[in-house]
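Here the structure is laid out as C-alpha coordinates; the discussion comes afterwards.
Owing to the predicted nature of the structure, the values given are computational and were not obtained by experimental measurement. Ligands are counted one by one from 1 in listed order, and the atoms in each one are counted from 1 as well.
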Amino acid sequence: MRLSIASVLTVGLIAFSSASFAAGGAGQKITDYDFSFDGMLGAYDQAQLQRGFQVYEAVCSGCHGMKHVAFRTLADENGPGFSDAAVKAIAANYEVADDEGNPGDTRPGKPFDYFPTPDVGGNPPDMSLLAKARNGGADYIYSLLLGYTGEEKELGDVTLYENSAYGGYLNMAPPLYGDDVEYADGTDTSLEQVSADISAFLMWAAEPKLVERKQAGVWSMTFLIFFATLVWFTNRKVWAKIKHPENHS
Ligand code: HEC
(Lines give C-alpha, C1' and ligand atoms only; values in the text may rest on other atoms or scores of the structure.)
Protein backbone atom coordinates (compact mmCIF):
# COMPACT_ATOMS: atom_id res chain seq x y z
CA MET A 1 0.00 0.00 0.00
CA ARG A 2 2.68 2.44 1.05
CA LEU A 3 4.78 1.54 -1.93
CA SER A 4 1.95 1.91 -4.40
CA ILE A 5 0.96 5.39 -3.22
CA ALA A 6 4.57 6.46 -3.42
CA SER A 7 5.02 5.06 -6.87
CA VAL A 8 1.78 6.52 -8.19
CA LEU A 9 2.85 9.91 -6.90
CA THR A 10 6.32 9.59 -8.34
CA VAL A 11 5.07 8.57 -11.74
CA GLY A 12 2.53 11.41 -11.64
CA LEU A 13 5.17 13.94 -10.70
CA ILE A 14 7.56 12.80 -13.38
CA ALA A 15 4.84 12.87 -16.02
CA PHE A 16 3.67 16.27 -14.90
CA SER A 17 7.00 18.03 -14.56
CA SER A 18 8.80 16.63 -17.56
CA ALA A 19 9.33 19.76 -19.59
CA SER A 20 11.99 18.27 -21.79
CA PHE A 21 11.15 15.42 -24.06
CA ALA A 22 12.55 13.77 -27.10
CA ALA A 23 11.09 16.01 -29.78
CA GLY A 24 11.03 15.45 -33.48
CA GLY A 25 11.58 12.39 -35.58
CA ALA A 26 14.73 10.87 -36.94
CA GLY A 27 16.97 13.41 -38.66
CA GLN A 28 15.43 16.41 -36.92
CA LYS A 29 17.74 18.46 -34.74
CA ILE A 30 15.78 20.25 -32.00
CA THR A 31 17.48 22.46 -29.44
CA ASP A 32 15.98 22.51 -25.95
CA TYR A 33 15.82 26.27 -25.30
CA ASP A 34 15.37 27.43 -21.70
CA PHE A 35 12.03 29.30 -22.01
CA SER A 36 10.56 31.16 -19.05
CA PHE A 37 7.37 29.08 -19.40
CA ASP A 38 9.16 25.72 -19.15
CA GLY A 39 8.68 23.58 -16.06
CA MET A 40 5.94 23.25 -13.49
CA LEU A 41 6.01 26.84 -12.26
CA GLY A 42 6.92 28.48 -15.56
CA ALA A 43 5.14 31.59 -16.81
CA TYR A 44 5.28 33.77 -19.90
CA ASP A 45 7.65 36.70 -19.86
CA GLN A 46 5.47 39.66 -20.82
CA ALA A 47 8.33 41.74 -22.24
CA GLN A 48 9.43 38.77 -24.35
CA LEU A 49 5.89 38.27 -25.70
CA GLN A 50 5.75 41.95 -26.67
CA ARG A 51 9.08 41.62 -28.49
CA GLY A 52 7.91 38.40 -30.14
CA PHE A 53 4.78 40.11 -31.35
CA GLN A 54 6.94 42.84 -32.85
CA VAL A 55 8.79 40.15 -34.83
CA TYR A 56 5.50 38.60 -35.93
CA GLU A 57 4.19 41.94 -37.09
CA ALA A 58 7.39 43.02 -38.84
CA VAL A 59 8.24 39.72 -40.54
CA CYS A 60 5.98 36.65 -40.19
CA SER A 61 2.60 38.38 -40.66
CA GLY A 62 3.54 39.06 -44.28
CA CYS A 63 2.88 35.38 -44.99
CA HIS A 64 1.36 33.72 -41.90
CA GLY A 65 -2.10 34.60 -40.53
CA MET A 66 -3.43 33.89 -37.02
CA LYS A 67 -7.12 33.49 -37.67
CA HIS A 68 -7.98 32.13 -34.20
CA VAL A 69 -6.24 34.95 -32.32
CA ALA A 70 -8.28 38.10 -31.63
CA PHE A 71 -6.42 41.40 -31.35
CA ARG A 72 -8.04 42.06 -27.96
CA THR A 73 -6.24 39.05 -26.42
CA LEU A 74 -2.95 40.93 -26.86
CA ALA A 75 -4.02 42.83 -23.74
CA ASP A 76 -4.15 39.64 -21.62
CA GLU A 77 -2.31 40.00 -18.34
CA ASN A 78 -0.80 36.52 -18.60
CA GLY A 79 -0.03 37.25 -22.24
CA PRO A 80 1.65 40.23 -23.92
CA GLY A 81 -0.27 42.67 -21.70
CA PHE A 82 -0.46 45.53 -24.20
CA SER A 83 -2.54 48.53 -23.15
CA ASP A 84 -6.01 48.91 -24.66
CA ALA A 85 -4.80 51.91 -26.64
CA ALA A 86 -1.88 49.89 -28.05
CA VAL A 87 -4.24 47.04 -29.02
CA LYS A 88 -6.51 49.50 -30.86
CA ALA A 89 -3.54 50.87 -32.77
CA ILE A 90 -2.24 47.38 -33.61
CA ALA A 91 -5.66 46.24 -34.86
CA ALA A 92 -6.02 49.33 -37.03
CA ASN A 93 -2.74 48.39 -38.78
CA TYR A 94 -4.41 45.34 -40.33
CA GLU A 95 -7.01 45.23 -43.08
CA VAL A 96 -9.76 42.75 -42.26
CA ALA A 97 -12.74 41.54 -44.29
CA ASP A 98 -15.64 43.99 -44.08
CA ASP A 99 -18.67 41.76 -43.64
CA GLU A 100 -21.05 44.71 -43.95
CA GLY A 101 -19.66 45.89 -47.28
CA ASN A 102 -19.47 44.21 -50.66
CA PRO A 103 -17.68 40.85 -50.94
CA GLY A 104 -13.94 41.52 -50.94
CA ASP A 105 -14.24 44.87 -49.14
CA THR A 106 -11.87 45.45 -46.25
CA ARG A 107 -11.69 47.89 -43.36
CA PRO A 108 -9.08 48.60 -40.66
CA GLY A 109 -9.18 46.03 -37.84
CA LYS A 110 -10.85 46.60 -34.45
CA PRO A 111 -9.86 44.94 -31.16
CA PHE A 112 -12.62 42.31 -31.47
CA ASP A 113 -11.41 41.20 -34.93
CA TYR A 114 -9.07 38.29 -35.60
CA PHE A 115 -5.69 38.43 -37.31
CA PRO A 116 -6.28 38.20 -41.06
CA THR A 117 -4.73 35.62 -43.35
CA PRO A 118 -2.48 37.18 -45.99
CA ASP A 119 -3.05 36.12 -49.57
CA VAL A 120 0.30 34.62 -50.57
CA GLY A 121 1.48 31.49 -52.35
CA GLY A 122 3.27 28.50 -50.87
CA ASN A 123 0.59 27.68 -48.29
CA PRO A 124 2.23 29.11 -45.19
CA PRO A 125 0.44 27.45 -42.24
CA ASP A 126 -1.78 29.56 -40.00
CA MET A 127 0.13 30.46 -36.84
CA SER A 128 -2.70 30.34 -34.28
CA LEU A 129 -1.94 26.77 -33.26
CA LEU A 130 1.37 26.17 -35.02
CA ALA A 131 3.43 25.88 -31.83
CA LYS A 132 1.16 23.05 -30.67
CA ALA A 133 0.80 21.44 -34.06
CA ARG A 134 4.48 20.55 -34.23
CA ASN A 135 6.41 18.16 -32.01
CA GLY A 136 8.73 20.20 -29.83
CA GLY A 137 6.50 23.29 -29.76
CA ALA A 138 8.40 26.49 -29.12
CA ASP A 139 11.71 24.59 -29.11
CA TYR A 140 10.92 23.36 -32.62
CA ILE A 141 10.14 26.82 -33.98
CA TYR A 142 13.27 28.23 -32.34
CA SER A 143 15.36 25.42 -33.84
CA LEU A 144 13.73 25.86 -37.25
CA LEU A 145 14.60 29.55 -37.36
CA LEU A 146 18.22 28.74 -36.51
CA GLY A 147 18.36 25.51 -38.48
CA TYR A 148 18.99 26.69 -42.06
CA THR A 149 22.08 24.99 -43.45
CA GLY A 150 22.45 27.26 -46.49
CA GLU A 151 21.75 24.39 -48.92
CA GLU A 152 19.06 25.09 -51.52
CA LYS A 153 17.51 23.17 -54.35
CA GLU A 154 15.13 24.03 -57.16
CA LEU A 155 11.97 22.02 -57.71
CA GLY A 156 10.24 23.31 -60.82
CA ASP A 157 9.98 27.04 -60.15
CA VAL A 158 10.14 26.81 -56.34
CA THR A 159 13.29 27.04 -54.28
CA LEU A 160 13.52 24.74 -51.28
CA TYR A 161 15.78 25.40 -48.32
CA GLU A 162 17.48 22.76 -46.24
CA ASN A 163 16.79 22.97 -42.52
CA SER A 164 18.17 20.70 -39.80
CA ALA A 165 15.16 21.11 -37.50
CA TYR A 166 12.72 20.42 -40.33
CA GLY A 167 14.83 17.40 -41.22
CA GLY A 168 14.86 18.14 -44.94
CA TYR A 169 13.96 20.91 -47.37
CA LEU A 170 11.07 23.32 -46.91
CA ASN A 171 9.50 26.04 -49.00
CA MET A 172 10.32 28.96 -46.66
CA ALA A 173 13.44 31.05 -47.15
CA PRO A 174 15.16 31.93 -43.86
CA PRO A 175 12.77 34.60 -42.51
CA LEU A 176 15.16 35.99 -39.90
CA TYR A 177 18.81 36.98 -39.97
CA GLY A 178 19.17 38.96 -36.73
CA ASP A 179 18.70 42.75 -36.53
CA ASP A 180 15.32 42.25 -38.25
CA VAL A 181 13.64 44.61 -35.79
CA GLU A 182 14.70 47.27 -33.33
CA TYR A 183 13.55 46.64 -29.76
CA ALA A 184 12.33 49.61 -27.76
CA ASP A 185 13.56 47.99 -24.52
CA GLY A 186 17.13 47.75 -25.80
CA THR A 187 17.23 43.92 -25.86
CA ASP A 188 19.82 42.66 -28.32
CA THR A 189 18.50 41.60 -31.71
CA SER A 190 20.79 38.66 -32.42
CA LEU A 191 19.26 35.89 -34.50
CA GLU A 192 19.07 33.72 -31.34
CA GLN A 193 17.22 36.43 -29.41
CA VAL A 194 14.63 37.35 -32.06
CA SER A 195 14.07 33.63 -32.73
CA ALA A 196 13.47 32.93 -29.04
CA ASP A 197 11.10 35.90 -28.78
CA ILE A 198 8.92 34.95 -31.75
CA SER A 199 8.86 31.31 -30.59
CA ALA A 200 7.66 32.38 -27.14
CA PHE A 201 5.00 34.59 -28.73
CA LEU A 202 3.75 31.74 -30.92
CA MET A 203 3.57 29.44 -27.88
CA TRP A 204 1.39 32.02 -26.17
CA ALA A 205 -0.78 32.35 -29.29
CA ALA A 206 -1.31 28.58 -29.34
CA GLU A 207 -1.79 28.20 -25.60
CA PRO A 208 -2.81 31.48 -23.96
CA LYS A 209 -4.02 29.68 -20.81
CA LEU A 210 -0.73 27.85 -20.18
CA VAL A 211 0.00 29.69 -16.94
CA GLU A 212 -3.49 29.14 -15.51
CA ARG A 213 -3.29 25.47 -16.49
CA LYS A 214 0.05 25.04 -14.72
CA GLN A 215 -1.24 26.76 -11.59
CA ALA A 216 -4.24 24.45 -11.54
CA GLY A 217 -1.86 21.51 -11.99
CA VAL A 218 0.28 22.55 -9.05
CA TRP A 219 -2.85 22.89 -6.90
CA SER A 220 -4.08 19.44 -7.76
CA MET A 221 -0.62 17.94 -7.13
CA THR A 222 -0.52 19.62 -3.73
CA PHE A 223 -3.96 18.28 -2.93
CA LEU A 224 -3.03 14.81 -4.12
CA ILE A 225 0.07 14.72 -1.90
CA PHE A 226 -1.94 15.98 1.07
CA PHE A 227 -4.67 13.43 0.44
CA ALA A 228 -2.21 10.55 -0.03
CA THR A 229 -0.51 11.43 3.26
CA LEU A 230 -3.87 11.46 5.01
CA VAL A 231 -4.77 8.07 3.57
CA TRP A 232 -1.44 6.67 4.66
CA PHE A 233 -1.80 7.81 8.27
CA THR A 234 -5.43 6.69 8.45
CA ASN A 235 -4.44 3.34 7.05
CA ARG A 236 -1.73 2.90 9.71
CA LYS A 237 -4.07 3.88 12.49
CA VAL A 238 -6.86 1.55 11.41
CA TRP A 239 -4.57 -1.44 10.98
CA ALA A 240 -2.48 -0.77 14.08
CA LYS A 241 -5.16 -2.31 16.33
CA ILE A 242 -5.51 -5.39 14.18
CA LYS A 243 -1.82 -6.00 13.61
CA HIS A 244 -0.72 -5.27 17.17
CA PRO A 245 -3.74 -6.06 19.42
CA GLU A 246 -1.44 -6.45 22.46
CA ASN A 247 -0.86 -2.66 22.49
CA HIS A 248 -4.55 -1.84 22.54
CA SER A 249 -6.15 -4.20 25.02
C1 HEC B 1 7.75 35.01 -47.49
C2 HEC B 1 6.73 34.28 -46.78
C3 HEC B 1 7.04 33.80 -45.37
C4 HEC B 1 7.47 34.54 -44.30
C5 HEC B 1 7.80 36.03 -44.24
C6 HEC B 1 7.54 33.63 -43.18
N7 HEC B 1 7.16 32.37 -43.57
FE8 HEC B 1 7.09 30.71 -42.40
N9 HEC B 1 6.44 29.61 -43.98
C10 HEC B 1 6.22 30.10 -45.25
C11 HEC B 1 5.78 29.00 -46.09
C12 HEC B 1 5.43 29.12 -47.57
C13 HEC B 1 5.76 27.84 -45.28
C14 HEC B 1 5.40 26.41 -45.71
C15 HEC B 1 6.70 25.72 -46.03
C16 HEC B 1 6.56 24.27 -46.41
O17 HEC B 1 5.62 23.63 -45.95
O18 HEC B 1 7.43 23.79 -47.19
C19 HEC B 1 6.16 28.26 -43.96
C20 HEC B 1 6.24 27.42 -42.87
C21 HEC B 1 6.59 27.80 -41.59
C22 HEC B 1 6.60 26.92 -40.43
C23 HEC B 1 6.19 25.46 -40.41
C24 HEC B 1 7.32 24.53 -40.74
C25 HEC B 1 6.85 23.11 -40.63
O26 HEC B 1 7.26 22.42 -39.69
O27 HEC B 1 6.01 22.69 -41.45
C28 HEC B 1 7.01 27.68 -39.37
C29 HEC B 1 7.18 27.22 -37.93
C30 HEC B 1 7.23 29.01 -39.86
N31 HEC B 1 6.97 29.05 -41.20
C32 HEC B 1 7.64 30.06 -39.06
C33 HEC B 1 7.82 31.36 -39.52
C34 HEC B 1 8.19 32.46 -38.66
C35 HEC B 1 8.42 32.37 -37.16
C36 HEC B 1 8.25 33.57 -39.45
C37 HEC B 1 8.59 34.98 -39.03
C38 HEC B 1 9.84 35.15 -38.32
C39 HEC B 1 7.93 33.15 -40.81
N40 HEC B 1 7.66 31.81 -40.80
C41 HEC B 1 7.92 34.01 -41.90
C42 HEC B 1 6.38 31.40 -45.67
C43 HEC B 1 6.84 32.44 -44.90
Tell me yes or no: between the side chains of Asp197 and Tyr183, is some donor less than 3.5 Å from an acceptor? yes
With side chains defined as the heavy atoms from C-beta onward, is the minimum distance between Val181 and Tyr56 less than 4.5 Å? no
Side chain to side chain donor-acceptor pair (under 3.5 Å) contacts in which one or both residues fall within residues 104-130, not counting sequence neighbours: Glu95-Thr106, Arg107-Asp113, Asp126-Ser128
The ring pair (Phe, Tyr, Trp, His ring centres under 6.0 Å) partners of Tyr140 (sequence neighbours excluded) come to none
Can Arg236 be said to sit on top of Trp239's aromatic six-ring, NZ or CZ under 6.0 Å from centre and within 45° of the ring axis? no
Distance-only check: which donor-acceptor pairs under 3.5 Å involve side-chain atoms of residues 150-163, not counting sequence neighbours?
residue	atom	partner	partner atom	Å
Glu154	OE1	Thr159	OG1	3.1
Glu162	OE1	Thr149	OG1	2.8
Asn163	OD1	Ala165	N	2.9
Asn163	OD1	Tyr166	N	3.1
Asn163	ND2	Leu144	O	2.7

With the criterion set at N/O pairs under 3.5 Å, what does the list of contacts between the protein and ligand 1 look like, atom names and distances included?
residue	atom	partner	partner atom	Å
ligand 1	7 (N)	His64	NE2	2.8
ligand 1	9 (N)	His64	NE2	2.8
ligand 1	18 (O)	Asn171	N	2.8
ligand 1	26 (O)	Arg134	NE	2.7
ligand 1	26 (O)	Tyr140	OH	2.5
ligand 1	27 (O)	Arg134	NE	3.2
ligand 1	27 (O)	Arg134	NH2	2.9
ligand 1	31 (N)	His64	NE2	2.9
ligand 1	40 (N)	His64	NE2	2.9

